[in-house]
Amino acid sequence: MTAMFRAASQAFRGLHRSSVPLSARMSSNRADRRCALAEKVAVITGSTKGIGFAIARRLAEDGAHVVISSRKQQNVDRAVAELQGEGLSVTGTVCHVGKAEDRERLVATALEHCGGVDFLVCVAGVNPLVGSTLGASEQVWDKILDVNVKSPALLLSQLLPHMEKRGTGAVVLVSSMVAYVPIPKLGVYNTSKTALLGLCKSLAVELAPKGIRVNCLVPGIIKTEFSQVEKTLPRLLPDFNDIYGLQRFGEPEECAGIVSFLCSPDASYITGENIVVAGYSPKL
Ligand SMILES: NC(=O)c1ccc[n+]([C@@H]2O[C@H](COP(=O)([O-])OP(=O)(O)OC[C@H]3O[C@@H](n4cnc5c(N)ncnc54)[C@H](OP(=O)(O)O)[C@@H]3O)[C@@H](O)[C@H]2O)c1
């Protein structure tokens with residue numbers, strides 16, 4: 001006990017004697033944290049707006065070179081210009097994740113500009129239908145499953161040989177809380193997001209021997225154009241805001257830190273997890 005007290009008090013004195021002021025030590029810790037992803041390369045789909053854009057900014061702030069992408073050239077240009085204007089290392093290209101040639105271009109852009117890939121974050125997702133599951137046409141089923149479920153797996157299969165070369169890597173899928181608590185009238189979308197929970201688990205076991213971890217972000221309702229919190233959502237679920245723990249909707253930035261963590265060495269023993277960011281956990 002005495003020895004323990006002595007050690008603690010020496011450590012305390014040592015802290016006080018340090019010639020480096022506390023504020024400088026704190027900012028140097030912050031600088032270390034900012035470099036958690038230094039020299040790493042992140043490819044992010046659906047990253048010119050909303051949740052994907054917030055993730056792109058955060059990974060770049062934490063030191064990664066980020067390849068931004070989405071369907072529309074003007075969105076890519078605007079997002080790249082904004083983040084480069086903040087001094088961040090980003091490049092971008094058009095990639096509709098449902099198109100094989102666009103996925104190929106995304107892979108080529110990452111290799112050409114950044115020399116490899118360490119992280120893939122699959123944010124792009126669509127929901128063209130508000131209506132009954134059984135009334136959905138085959139085209140609607142195909143579109144939702146193609147973009148939301150198949151494209152992350154197909155893009156990863158194209159990137160995998162390059163990620164393997166780096167020895168370690170991380171993949172983050174983006175599901176939704178509707179995977180656990182389905183919203184009526186969004187049945188096909190709910191189903192696609194539930195499939196992603198399973199895809200995360202399957203890929204995690206398949207890629208573990210290669211040193212690649214796979215996890216899944218499960219957002220609640222986040223204020224973006226996609227969720228149309230003001231317009232569409234109240235019609236679908238009038239009291240949704242009231243039943244959730246923090247009694248408010250989330251901001252895109254509140255989804256970004258966890259993705260940076262899941263890519264970082266701090267998460268080196270975490271794979272196959274579906275992690276809810278919803279102001280409340282709908283999981284049992
Ligand atoms: N917002 C929420 O409440 C919420 C909750 C749970 C899960 N999510 C999921 O989070 C993801 C992002 O949603 P968000 O709310 O951030 O949406 P958002 O603000 O509308 O942004 C969507 C982004 O994806 C791009 N995009 C759309 N379709 C694409 C495609 N086929 N291929 C490539 N890029 C595409 C868009 O740019 P372009 O138009 O240029 O393609 C844009 O950059 C989606 O997977 C969604 O299901 C959202």
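In each ligand, atom 1 is the first atom listed, and ligand 1 is the first ligand listed.
- Numbered from 1 in the order shown, with element, the atoms of ligand 1 that lie under 4.0 Å from a heavy atom of G50 read 16 (O), 19 (O).
- D62 and S260 are linked by a side-chain donor-acceptor pair at a separation below 3.5 angstrom, with hydrogens and angles left out of the test.
- Comparing S47, S69, C255, G220 by heavy-atom distance to atom 5 (C) of ligand 1, the nearest is G220.
- The shortest heavy-atom distance from A79 to ligand 1 is not under 4.0 Å.
- The closest approach between any non-hydrogen atom of G98 and ligand 1 is not below 4.0 Å.
- An N or O contact shorter than 3.5 Å links I222 to ligand 1 by distance.
- Clustering ILVMFWY residues whenever any of their side-chain heavy atoms sit less than 4.5 angstrom apart, transitively, puts V130 in the very cluster that holds Y189.
- Under 4.0 Å from ligand 1, heavy atoms of I51 appear from its side chain as well as its backbone.
- A 4.5 Å side-chain heavy-atom check between L186 and N127 finds at least one atom pair inside the cut-off.
- Contact annotation for K223 and ligand 1: no heavy atom of the residue comes within less than 4.0 Å of the ligand.
- Here is the list of ligand 1 atoms found below 4.0 Å of a heavy atom in V174: 9 (C), 10 (O).
- Atom numbering of ligand 1 starts at 1 in the shown order; those under 4.0 Å from a heavy atom of S70 are 25 (C), 34 (N), 37 (O), 38 (P), 40 (O), 41 (O), 43 (O).
- Looking at ligand 1, you'll find an N or O of T224 within less than 3.5 Å of one of its N or O atoms.
- One finds a salt bridge joining D102 and R105 here, because a Lys/Arg side-chain nitrogen approaches an Asp/Glu carboxylate oxygen to under 4.0 Å.
- Of the listed options I44, V123, V97, V123 places a heavy atom closest to atom 44 (C) of ligand 1.
- In this structure, Y189 has a heavy atom closer than 4.0 Å to ligand 1.
- Neither the backbone nor the side chain of P252 comes within contact range of ligand 1; no heavy atom lies under 4.0 Å.
- Atom CG of L111 is separated from atom NE2 of H162 by 4.5 Å, given to the nearest 0.5 angstrom.
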